[in-house]
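Reviewing the structure listed below.
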2 protein chains.
Amino acid sequence: MNRNKIINEFKDAIRSENLKVTAQRLHILQNLMDNPNHRECEEIFQDLLQKGTIVSRATIYRTLDLAVKHGFARKMDIGEGKARYENRINETHHDHMVCTQCGKITEFVNNDIERIQREICSAKNYQLIKHSHQLFVICNECQSN
Amino acid sequence: MNRNKIINEFKDAIRSENLKVTAQRLHILQNLMDNPNHRECEEIFQDLLQKGTIVSRATIYRTLDLAVKHGFARKMDIGEGKARYENRINETHHDHMVCTQCGKITEFVNNDIERIQREICSAKNYQLIKHSHQLFVICNECQSN
DNA sequence: AATTACTTGAGAATCATTCTCAAAATAATT
DNA sequence: AATTATTTTGAGAATGATTCTCAAGTAATT
């Protein structure tokens, strides 16, 4: 299925850089693919640990960088002073809404916003490289508490 | 003029919390008001130092927090792993474009984006608290280099 | 001027992340 | 399968921004 295909693509990406396919790298990628959340390094570390796989945090960071570089993961920053990572299975571009009470992250996309961003840049002769857009909210559940 | 009025408002804000008006707090606020840039703590520290005023970094952080709390400053995070601060003289809400080459920061506002953000939230019954929106660009000047 | 309460600065602490380097593992070659 | 060359890993140190601690200093009040 799809997951194994992705793992193989990751192996190819590793080899394409003349790097080595290691058990640690595969564990990390698999763990990332099996989890839809937006997790920080520590959460991935603990999740692997609980499943009996010990991989150092340094290796997790290094492997996530590699995954990001090759399009398998996305690194995001919601202003917490630390990075979160999500897999890119079924990738469609999206931004995030973050509940300031419970931390829940919801994705959103809006084509008008995407277009306007491009217009703002071209009006100034700036070349748009990427953007970072988060809405900080109180989610429906937290409002009723 | 306007600057002195703001300084007086800051003094009032300090007193309103039963805190003390100190030379360090005033120096920091004045320095912030006299500079239109989006600066990190260290830049403010160095600028004060160069003008012959030594204030510890801890005090700069503490005072900027106070200024933010009372609406005299805005704290921003453009994903550098550190905060930047701008004054709120002539405050109008805006977001930022950051040149990935030279670091130049340009402000932008777009009412359609502001409205759409609210619509996205209300469609989910989320209450929008604030947002963070940056466009990472190559600015006109950097393109011609 | 005395009292009380808050502020300051120095340096330690914190926290996420990166770096260093020796030991271990992989890949390529025999 | 053994050898070799190269890369990877993990432990812990290093880094860098920011916060914390606490003794000494200062502002406000009486």
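Values reported hereafter were calculated over all heavy atoms of this structure, with side chains retained and with hydrogens, waters and symmetry mates removed.
- Heavy atoms only, all atoms of each residue included: B:I113 and A:H133 are closest at CG2-CE1, 4.4 Å.
- B:K82 contributes no side-chain N or O that forms a donor-acceptor pair with the base of D:dA17 under 3.5 Å.
- For the pair B:M33 and B:N87, the tightest heavy-atom approach, listed with the atom from each and the gap, is O-ND2, 3.5 Å.
- The aromatic rings of B:H96 and B:H94 sit perpendicular to each other, their planes meeting at more than 60°, with 30° as the lower class boundary.
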Run the numbers on B:E9 and B:H70 for side chain to side chain donor-acceptor pair (under 3.5 Å), then give the verdict. CA-CA 10 Å; B:E9 288 172 2; B:H70 288 274; over 6 Å; no
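- If you take CZ of B:R25 and P of D:dT26, they are 15 Å apart, rounded to a whole angstrom.
- Nucleic acid contact class of A:A23 (heavy atoms, under 4.0 Å, all strands): none.
- Neither OP1 nor OP2 of D:dT26 sits under 4.0 Å from any side-chain N or O of B:Q24.
- Taking 4.0 angstrom as the limit, A:T59 places a side-chain polar atom (N or O) nearer than this to OP1 or OP2 of D:dG10.
- Under the 4.0 Å criterion applied to side-chain N and carboxylate O atoms, B:R118 and B:E114 are not assigned as salt-bridge partners.
- The interatomic distance linking A:H27 (NE2) with D:dT8 (C1') rounds to 16 Å, in whole Å.
- Going from atom CD of B:E42 over to atom P of D:dT15 covers 16 Å, rounded to whole Å.
- The distance between atom CZ of B:R57 and atom P of D:dG16, rounded to the nearest whole Å, is 12 Å.
- In summary, contact between chain B and DNA chain C, defined as any nucleotide atom under 4.0 Å from a heavy atom of the protein, begins and ends at C:dA5 to C:dG9 in the 5' to 3' direction.
- For B:R62 and D:dC22, the CZ to C1' distance is 11 Å, given to the nearest whole Å.
- Proximity of a side-chain donor or acceptor of A:R84 to a complementary backbone N or O of A:H38 within less than 3.5 Å is detected.
- Position along DNA chain D of the nearest nucleotide to B:K75 versus B:K20 favours B:K75 as the more 5'-ward residue.
- Taking atom CD1 of residue B:I60 and atom C1' of nucleotide D:dT19, one finds them 14 Å apart after rounding to whole Å.
- In this structure, CG of B:L64 is placed 10 Å from P of D:dT19, rounded to the nearest angstrom.
- D:dG16 atom P lies 15 Å from atom CD of B:E80, rounded to whole Å.
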